[in-house]
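Remarks on the structure that follows.
Excluded from the calculations below are hydrogen atoms, water molecules and symmetry mates; all remaining heavy atoms, backbone and side chain alike, are included. Not measured: the values here are computed from a predicted model. Here is the naming used below: chain letters follow the sequence lines, and residue numbers restart at 1 for every chain.
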Amino acid sequence: MKTWRIYQGTGKPRKGIQQLPEPPEWRKFDRKVPPEQQLEVDPHVEKRFGDLSRGQTFQATDKEIDLVNAALYLRRPLLVTGKPGSGKSSLAYAVAHELKLGKVLYWPINSRSTLLEGLYKYDAIGRLQAANLQEPSEIGQFLRLGPLGTALLPSKYPRVLLIDEIDKSDIDLPNDLLNIFEEGGFDIPELLRRTDTSSTEDVWPYDSQHKVTITGGHVTCYEFPFIVLTSNGERELPPAFLRRCLRLDIEEPSHETLTKIVDAHFQNLDQQGKDARDKLIEVFLQRRTEGTLATDQLLNAIYLTTQGIELDTGTKDKWGLIEVILKYLNMPGTI
Amino acid sequence: MISSFIEILHGIGLELMAEEIADVLWLASHLDEPPARKEETIFQAPVQEPPKEESIAPPLLQLSQSPGSRQERKTKPSETALYPRKSKGTGSSGIGGLAFRSPGGTALPGKLLIGRAFRPLMRRVPSRTQKILDEEATARQTAEIGNPNVVFPVFSPARSRWLDVVLVIDESPSMDIWQHTIFEFQRLLECQGAFRNVQSWGVAFDSDGNLNLHAGLGTQSSRQDSRNPRELIEPTGRRLLLVLSDCVSWAWEDGRIANLLQIWAEKNYAALVQLLPQRLWDRSALGRAIPIFLRTLVPPTLKSGIEPQFEDLIIQESEEQSLPNGVSVPIMTLEARTIFPWTQAVSGKKDNRIPGRLLLLTKEANLWEKTAAETTHSLPPEEHVQLFRAVASPLAWKLLGYLAAVPLSLPVMRLVQHVMLPETRQTHLAEVFLSGLIKRIVPEDSSSTAEEVEYDFLDGVRDILLSKVLINEQVEVLSYVSHFIDRETGNPVDFRALVADPTRTEQIMIEQCNRRFANVATHVLYRLGGNYARLAERLEQFWEEDEKIEGEAGQGAETQQKSEVITGREVLTQLPSVLKNKHPEVVETERIDEQYKRKKSEYSTIDEEPIVDKWASKYFPIEFVDRVNEIAFITNIYCPPYLLISAPAGYGKSRLLENAKERFQQQDWLCLYLKLSRDKQYSVQELAHLLLQEIGVQGSRHFDLSTPENAGDAVSWNILNTQKHGQKNITILIDEAEALDESSVKQLLNRFLPAFKEGINIVEPALRLRLICAGRQLAHWKQWGEKLPLELLALTPFDFPAVYETVRKFVAISDIKRNADYQQDFAAYLMYFTGGHPGCIMEFLLKNYGSNISGFIENESGYYQKIVKPVIEEIQDHIPEDLQTIFERLSVFRMYNSPLLQKIIDGKIIDYKGNAIRLERALIATNLVNRRSGFVQDDIVRRLFAIKLREGNNTAFIDLCREAQQIIESYVQETNYHFDSVTLEALFQELQLGYYTSDQTAQSRQILAQQFFAQDGIVQKYLDILLHKPDTYDSLQNLLHILQRQDDWEFQFTLNFFLRRSDHYTDEPYQRLLHAVEQFIKQQTDV
């Protein structure tokens, strides 16, 4: 056991994040936040359906574990590349689960995503309405932080933020993110405009029903969040952006890893099931040499066998079924 | 301490920023203490790592890994998703783990560059539907109202992405092979983040010509009902409509797609993406479209669309002819350098000329094209194969040969490409597909994807092709493929085992694909002869029986067959060695190349035409080379029915006609050969007399030849009379046709021949009629008033390799024996003195072969006066007077386009009153020059005139060279197109100037070579210029490609000749240049 590792890839929740040393000088952000103002992990936040199992069953390799720890230590974002279905996103859930870091903040990127959407959303119209109706209301009522904004709140322990498919983003987004990663915080002009540096506002965070207090219209993190960015490598990202991230290329799971993954998902396989498992893994690996296959597809196939659908060799129909389930992801004509 | 650490990091290629180094050190302090044993490897380990592809931390993370895992990592290919694995089989079977997507990696090379080319389109414009609250304006508005209780929210349009993309994909059968490419292109566009949306639509026409346009790709979606093409129009104009096609289907030919494009181009930015490389365009329907340039006149946000600019049209016909009714579309390929100008133009860059095509909206009324294409199917397979051979690129031809040994489906084809011809690309496969030799077997299950579709050769083709491939290569291909099929079907039919023991039926799954494989394999076995042929017979029987009684075949014959079986499972892999012992004749089967060479010499029996009396063919005992293609063209089925062969004196026209006649006769045509006399004028009546004589009719005066129609009747009647054994195809060959004047040619074509055809009842393609006229400078026939149905074939002069081959052939029959060096030197001087004129070369050879090389240069003007000058004067007679001097002075340039020509006019190098475009047309109208790859170029006339210039007034010539060099140099700086050819031209001008200003001795040639290749020399100068152009990498690669393929032989020759070290001509200077360019590119890519 390597003692420096905080995240150990066991899949079992443990206390460990407390051992994380102070950040290096150049990655210290707002360390002046008094302990009573630091946000604890919110036990009430409901986790997304399936988060738990994703966190439990993820099988991390040595390389992945090391890089996760390096990112935690260095307070730097982790840019994960790899083929579809190789477990890029699951990595974030696994870390959150094992280190008890709460719910993963999930920010799926599409080509219309903007930085502002990740930081916060200001409902100006709502506020106007309220003003016209003469309802007494605070401005914070009309502000809701986005996933990135929430991750940057001064939490005691790093929040886990998953920025999914960053390579699908608009061309400007990586550069905008870069600034935030450097600053570790952001301003909310709507609040700045009307408050002095010490006044406070309560606003809604992304995933919680409990408002948080923001001082002086400025959000700075206490612990830099653990950010996982995933990419399918479809587009080149700016070099400056790449330099600020730790880069992890998840390799396609080997035979051994596949077996582990299957066992993690199907814990009660009998001997017959194990035979089917080994056979399917063989087929899976063979097919994977010629196209992209996701691990999910293997799990689907094994699930079918456990439901009594036998995949004997020989008859044409069954092989046809396997072909459909293990259909390549990167071939044309798949609709 | 830290500085030495940084140095080590530098040493292993990690250029880290200060903060990164700080990160590394800080993290190291938190890592576990490494075991003492590993201490020494701390700084060595990273050296073995591929550093750049990993994250910045790996050198230190290595510390926590055991040496074992490090080792493991090293052996794994370090792969990122961006760069496809350069696949090499990992399994022992040799093909295990191969990726069959396309040889050499991705189906869409240069992805990142293509992505970059779309950048000009990445902009945002105000959305028409989405609004956002404009807070500032709201505040201002509210403040102005002055009543805090009344608030007017002000909205402004949100910024949204400018364009969306619709890919319209041609779904004709020949497009199957491009599926991967299109798929990847679509993915690429989606991932750019530049477009609102990327959709794919498929367009196809069913057998009745009905349009089937549907959203989505693949067979599922093609079953939908067709949608209206207008659905694709985005009324606000914010859409790119890219039509992806290879342009070979009939829908391109007859204007159906052009009509669709017209609908789309009205409102949106429509463009054509041609998937075939440019060299194949002429063989697609684009060959008939008119090349144009388009440019943006109005910024596109104000008015949609790009206005065509017609001033640079290339029209062969007379200037006055108005443009046919058509739709003009920009054209590009899937390469960054062709996409970029278009995206720039769309984004509103003005005065950007982008290439395009004018597609005709209706079917072009053409006399012969349709019939030719329709009859291809009825061609005998030999001709069909020959036809392809005549036009195919060498690699595609070779690939076709290998494919003959395997069952055809896309994965198998790619496999063959990969193992046999890894240098081939998708485009070569496309060429094979376009050959018309392959048919698609209609799949039983119509939902199969392109990967599953099976193909086969047309009947008889496979055997012809197999006869051209070396047997052991066939076997090699076969054994690879049998491996593959074993694996692919997942339930192996071991073909080798099957060959060894055809009785083991119970283990054999009879699947379609295996069956077909076995069929093909039997073809191959048949060709091996002997025991193998018998084996093949048995196999065939076996399959047949098997079809009848499944599972019971061959039981009875078991004992007998077993005794004949050839030993062992490895029979196929052992075949080559077995063959050498047992069937020597089989092993001697020629390679394709050798066979081709033999054919070439068979065909090339064209000799000199005795136009100048001293060149009478009796003096010339040897044959010209390099007319193989022409013969093949004339005698093949695609050839237009009425053909005009035009060339200056001494080009071998008569010889060509004689050879064509011979070929026609071999193919059982009736040949009527007329040799006219240049000094006379012939009427159609006289031609009819001659034809009757040729048929063998005596006393032709008795026939009524009063009108051309009657004459046609009479000749046809006599032919029918003499033909006793059924009707034959007829060809009429007329030599020295310049003796015909305009009215007789028109009468011949418009009156005589129709009557003649009717008399014999010739209906193409059942029965064919050809008319081939050869003569000096017949090209002007094409310009006679009405359009005559004549196609022009211009004979080309010799390039240097052809001259060299001519010399070698001469040596073979000559008494004078000299060594190979001498022959090469002699050929070089021949080239230099004659410019490649075939007649001059013959004369020079006969008179001077064997004399002292060093004496040549001194005697140059003597040779010029005697041999070359008469030829030049003869050619000069055919040039309009006002153009003569212009031609002469332009001869220092090897090529020009209209911008360059304008510079030449502006620089007062030539005296011309009009603008460049007009001059360009006038020059082309003489038919002495023509347009190739964007430049007007010409072969012999230019070189001859240049010789005349340098022989005439040498100082004037040198002045001209100097001005030419300056003009080209400034043009290179300015232009943004064709860097590769322009750079070569600039180098040529530098050479020309340097050589003629020196005294041309060995010593000054040395100096010139030094200037040329020095560190800051001439080559370097132009390469540096290239660096500042857009798409540098592409241009450099193109330049290198041209040099490597030796495309520009004249440049190669000039370089070698002008920079020859001693008096010997060698390829050394050219190789040096090639090396210099390679080095330069390497440096740049390293940077």
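Evaluation of the salt bridge (Lys or Arg N to Asp or Glu O under 4.0 Å) rule for A:Glu165 yields A:Lys168 as partners, not counting sequence neighbours.
Around CD of A:Glu182, the count of heavy atoms belonging to other residues, nucleotides or ligands within 6.0 Å exceeds 12.
Only the side chain of B:Arg161 comes within contact range of chain A, with at least one heavy atom under 4.5 Å from a heavy atom of that chain.
Residues A:Trp4 and B:Leu27 meet the side-chain proximity criterion, which asks for heavy atoms closer than 4.5 Å.
Here CD of B:Glu20 is found 8.0 Å from CZ of A:Arg244. Values are rounded to the nearest 0.5 Å. For the atom pair CH2 (B:Trp26) and CD (A:Glu22), the distance works out to 9.0 Å, reported to the nearest 0.5 Å.
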